[in-house]
Amino acid sequence: MKLPKHRYGRKLNFQDNVYNFFTTITGLTIFNIEFFKQAFLPPYEIPEVKKHMDELGVKTFGIVSVTGFIIGLVLAMQSQPVLTKFGASDFLPGMVALSVVRELGPVMAALIFAGRVSSGIGAELGSMRVTEQIDAMEVTGVNPFKYLVVTRVIATTMILPILTIYMIVIAIFGGYLAILITESINFRYYIDSVILSIEFGDFVPGVAKTFVFGYIVGIVGAYKGYTTEGGTEGVGRASTTAVVLASLLILIFDMILVKITLWLWPTLG
Amino acid sequence: MIEIENLSKSFGQLVVLDNISLYVSEGENLVVFGRSGQGKSVLLKCIIGLLSPDNGNILVDGKNIVALNLKELNEVRKNIGFLFQSAALYDSMTVRENLAFPLKRNFPNLTDKEINDKVEYTLELVSLEYAIDKMPSELSGGMKKRVGLARSIITDPKLMLYDEPTTGLDPITTKEISELILNLQKKFNMTSVIVTHDLICAEIIADRAIFLKDAKIAYEGTIEELTKSNVPFLKNFFSHELIKA
Ligand SMILES: Nc1ncnc2c1ncn2[C@@H]1O[C@H](COP(=O)(O)OP(=O)(O)O)[C@@H](O)[C@H]1O
Ligand SMILES: [Mg+2]
């Protein structure tokens with residue numbers, strides 16, 4: 001795998017930035033191709049994948065719980081007066097559920113995941129790169145791309161959908177508490193309205209796209225980390241640029257995937 | 001053991017190695033001198049196939065590193081140990097796991113007990129038995145180098161490549177590590193290439209030395225010949241080294 005190099009320096013002019021933009025796109029594309037070339041060939045390094053999934057789950061569980069809860073709570077609190085004004089307060093549970101399942105849950109979970117995990121992978125692989133740990137692995141006859149990159153990307157791809165489902169559940173629960181503050185609402189009734197309002201066509205595309213988001217988080221973090229140059233300063237750069245790039249790509253792909261979903265299931269619109 | 005023929009390597013405009021030829025015989029300790037940025041690390045990385053040269057051949061044990069595919073290259077690498085300038089310990093693993101890693105990877109048939117015994121035995125060689133369950137971040141610079149050394153010899157390589165094994169260490173630790181390297185050579189009849197600009201280390205280890213300068217092998221000889229030389233550049237280099245040491 002031969003990757004193009006970025007230009008670094010204190011003063012980068014406009015051309016340098018344009019050059020770096022295309023370098024990133026080209027580099028990331030090559031990196032993706034390499035991933036698919038290697039992901040399906042043995043050795044599969046399954047213990048490593050499991051280890052990373054465990055770590056990722058532990059690392060993001062807390063923040064995903066809190067964020068999910070707050071999203072549900074705020075969403076319900078803000079929508080309640082409006083819906084009541086139009087005499088549609090019965091729709092509140094359904095509205096919360098639909099927003100969370102279709103869009104807020106997947107995208108928020110992915111963005112938080114990007115903030116926590118892309119930067120983490122970028123920094124981790126980046127420091128392994130600049131302290132020659134990746135080279136050390138290579139001379140031991142271990143394929144570092146497989147051992148470090150492929151395993152992490154598979155782990156992020158698998159774990160984000162699980163986190164998203166968990167976040168959706170917590171958010172729906174948060175919505176219930178928000179309603180409970182102002183009016184007495186039966187939990188059974190709330191859950192029933194939630195379940196009635198969500199259809200297959202809401203849930204599956206919403207969660208399915210988080211596989212793509214999880215993949216983006218992993219591959220971007222790994223690309224930035226694996227190609228780190230320039231010592232400790234480079235590690236910091238890898239970690240921050242990974243978050244920015246991953247978040248941006250998540251939003252862009254969200255747009256594309258929503259469009260595709262609407263095209264496949266026109267009734268959803 | 002190593003035959004290098006007309007090796008050249010550049011990065012963009014920067015010519016790092018220019019048409020270098022070098023022979024290292026079996027059991028020999030060759031020291032590579034040179035100021036910072038003169039391509040010493042690049043030379044070692046070419047020998048182990050981490051960097052591919054623009055030109056030339058590198059024969060290790062009769063096999064041309066440059067022409068091998070990855071699988072064949074890894075086969076040759078099993079016989080080569082590499083001590084990195086920064087020791088390059090895996091910082092997410094304990095010392096024990098660091099040492100076990102190359103064993104597990106290259107000899108999947110070993111039992112856990114065999115691996116453990118070998119790890120303990122090798123750590124004893126570098127006198128670090130007591131640090132076996134520490135993380136790399138808990139070790140001092142000299143200890144890291146020793147663990148790195150242990151990790152690179154654990155697979156019983158025939159050829160060892162050392163990238164500045166003593167740089168940044170105090171004179172006593174420098175001596176200890178240098179003697180360790182010498183003992184390894186005697187005990188296991190290893191061939192070694194040692195990159196350094198440390199005269200203490202070189203005087204202990206070297207059978208022969210070369211001096212890299214301006215992408216070429218500028219001088220060659222025993223340590224004594226080089227240090228006693230009347231060439232102004234060498235005089236200057238070694239007088240600075242002596243003051244520093
Ligand atoms: N991967 C690389 N890409 C670009 N330039 C490099 C690379 N590795 C080394 N160089 C350059 O090659 C020269 C020699 O480096 P090196 O072999 O590390 O020097 P030293 O003799 O101090 O070990 C330096 O100028 C360094 O910047
Ligand atoms: Mg060097």
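For the numbers below, each heavy atom of this structure counts, side chains included, while hydrogens, waters and symmetry mates do not. A note on names: the letters A, B, ... follow the listed sequences, proteins ahead of strands, and every chain is numbered from 1.
At a 4.5 Å heavy-atom cutoff, B:L83 makes no contact with chain A through either its backbone or its side chain. Looking at A:V139, both its backbone and its side chain come within 4.5 Å of chain B, counting heavy atoms on both sides.
Annotation: side chain of B:D91 is in contact with side chain of A:Q133 (closest heavy-atom distance under 4.5 Å). Within the 4.5 Å cutoff, no side-chain heavy atoms of A:T131 are placed close to those of B:F84.
Heavy atoms of other residues, nucleotides or ligands lying less than 6.0 angstrom from CG of B:D133 number more than 12. The number of heavy-atom neighbours closer than 6.0 Å to CE of A:M158, taken from other residues, nucleotides and ligands shown, is 12 or below. Shown here is A:F253, whose CZ atom has no more than 12 heavy atoms of other residues, nucleotides or ligands within 6.0 Å. Environment of CZ in B:R35: sparse, with no more than 12 heavy atoms of neighbouring residues, nucleotides or ligands closer than 6.0 Å. In this structure, B:K63 places its NZ atom where only 12 or fewer heavy-atom neighbours from other residues, nucleotides or ligands lie under 6.0 Å away. Remark: A:E233 CD is loosely packed, at most 12 non-hydrogen atoms of other residues, nucleotides or ligands lying under 6.0 Å away. Residue A:K5 qualifies as open at atom NZ: its count of foreign heavy atoms under 6.0 Å is 12 or below.
Of the listed residues (B:L50, B:I48, B:T155), the greatest number of heavy-atom pairs within a distance under 4.5 Å of chain A belongs to B:L50.
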Exercise. Could you go through the side chain to side chain contact (heavy atoms under 4.5 Å, CB included) check for A:Y147 and B:R105 one step at a time?
Key: CA-CA 11 Å; A:Y147 190 82; B:R105 286 292 161 162; 3.0 Å; yes
Practice problem: Given salt bridge (charged side-chain N to carboxylate O under 4.0 Å, His left out), test B:K45 with A:E138 step by step and report yes or no. | Solution: CA-CA 11 Å; B:K45 285 181 180 168; A:E138 197 167 339; over 6 Å; no
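Here the straight-line distance linking atom OG1 of A:T140 with atom CG of B:N74 works out to 9.0 Å at 0.5 Å rounding. Rounding to the nearest 0.5 angstrom, the gap separating the CG atom in A:D135 from the CD atom in B:Q85 is 12.0 Å.
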